[in-house]
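So you know, we letter chains A, B, ... as the sequences are listed, proteins then strands, and number each from 1.
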Amino acid sequence: NAGVMQNPRHLVRRRGQEARLRCSPMKGHSHVYWYRQLPEEGLKFMVYLQKENIIDESGMPKERFSAEFPKEGPSILRIQQVVRGDSAAYFCASSPDTGERGYTFGSGTRLTVV
Amino acid sequence: AQTVTQSQPEMSVQEAETVTLSCTYDTSESNYYLFWYKQPPSRQMILVIRQEAYKQQNATENRFSVNFQKAAKSFSLKISDSQLGDTAMYFCAFMKRGGANSKLTFGKGITLSVRP
């Protein structure tokens with residue numbers, strides 16, 4: 001079992017470009033979560049998705065950020081027109097059900113905006 | 001809304017010794033879960049231990065155990081026989097129980113260094 005796979009591991013974007021972060025959940029997991037970690041901070045919840053549905057996006061900024069988890073393929077976190085403040089580590093996690101037993105996290109994507 | 005506080009930014013322990021990491025939280029919920037996650041330099045978040053708030057018995061996982069004090073809203077992690085591989089950041093986290101409330105609220109973390 002390959003675990004939760006995130007790519008790329010590192011991503012550098014210039015201000016104004018788009019960033020696409022990918023997450024393939026563990027086999028058999030249909031629930032996906034995205035978190036953001038700023039330097040010296042804990043992880044902050046962004047969005048919770050099941051296949052083809054957004055369940056909770058209360059942590060997503062209202063503009064420029066979007067997430068999807070299509071029927072086929074990985075979950076995508078998309079950040080349009082990136083700014084320096086978007087620089088952070090973005091973690092994806094998955095679970096087979098509601099996550100109350102704890103999730104399995106990926107190794108994260110470190111986004112740097114220059 | 002829930003908050004999780006880890007007031008110690010760093011701790012250090014000698015290999016083979018015991019160390020306790022503190023965590024307090026604030027919530028109006030009565031049913032919830034508490035977690036400790038470990039983040040080594042590889043950056044991956046690893047689940048260390050989980051506690052169900054409706055269970056009075058403290059959770060244990062090998063060398064890791066918790067002291068869960070529901071009335072005091074305290075959830076500390078004890079690591080016995082510390083090993084060099086325990087060097088990492090440790091995060092305390094809260095999850096409300098039930099329904100679609102699967103999001104974790106994390107504390108800011110504590111950096112633990114195990115000295116040889």
Which portion of [X] sits near chain B, non-hydrogen atoms under 4.5 angstrom:
X	answer
A:Ser95	neither
A:Gln37	side chain
A:Tyr35	side chain

Parallel, tilted or perpendicular, as decided by the 30° and 60° cut-offs, for the rings of A:Tyr103 and A:Phe105: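 Tilted, since the angle between the ring planes falls between 30° and 60°.
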Which pair of non-hydrogen atoms, one from [X] and one from [Y], has the smallest distance, and what is that distance?
X	Y	answer
A:Gln6	A:Ser107	OE1-N, 3.8 Å
A:Arg15	A:Val83	CG-CA, 4.4 Å
B:Cys23	B:Trp36	CB-CZ2, 3.6 Å
A:Val113	A:Ser87	N-OG, 2.9 Å

Side chain from CB out, backbone as N, CA, C, O: work out which of these in [X] comes under 4.5 Å of a heavy atom of chain A, or both, or neither.
X	value
B:Leu104	both
B:Gln6	neither
B:Arg50	side chain
B:Tyr32	neither

Non-neighbouring partners of A:Lys71 that pass side-chain hydrogen bond (donor to acceptor under 3.5 Å, both in side chains), sequence neighbours left out: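 Applying side-chain hydrogen bond (donor to acceptor under 3.5 Å, both in side chains) to A:Lys71 gives none.
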Whether over 12 other heavy atoms sit under 6.0 Å from A:Glu41 CD: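 Atom CD in A:Glu41 is crowded, with more than 12 foreign heavy atoms closer than 6.0 Å.
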Test: A:Asp86 and A:Arg64 ion pair at under 4.0 Å: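 A:Arg64 and A:Asp86: salt-bridged.
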Residues in residues 62-91 of chain B that sit under 4.5 Å from chain A, counting heavy atoms only: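 So far as heavy atoms go, B:Phe91 are the residues that approach chain A to under 4.5 Å.
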Check: B:Arg115/B:Gln14 side-chain N/O donor and acceptor closer than 3.5 Å: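 Yes.
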Co-membership, hydrophobic cluster, residues A:Tyr48 and A:Ile76, 4.5 Å side-chain: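 A:Tyr48 does not cluster with A:Ile76.
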Residue, of B:Lys108, B:Met45, B:Arg43, that accumulates the most heavy atom pairs under 4.5 Å with chain A: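 Of the options given, most contacts go to B:Arg43.
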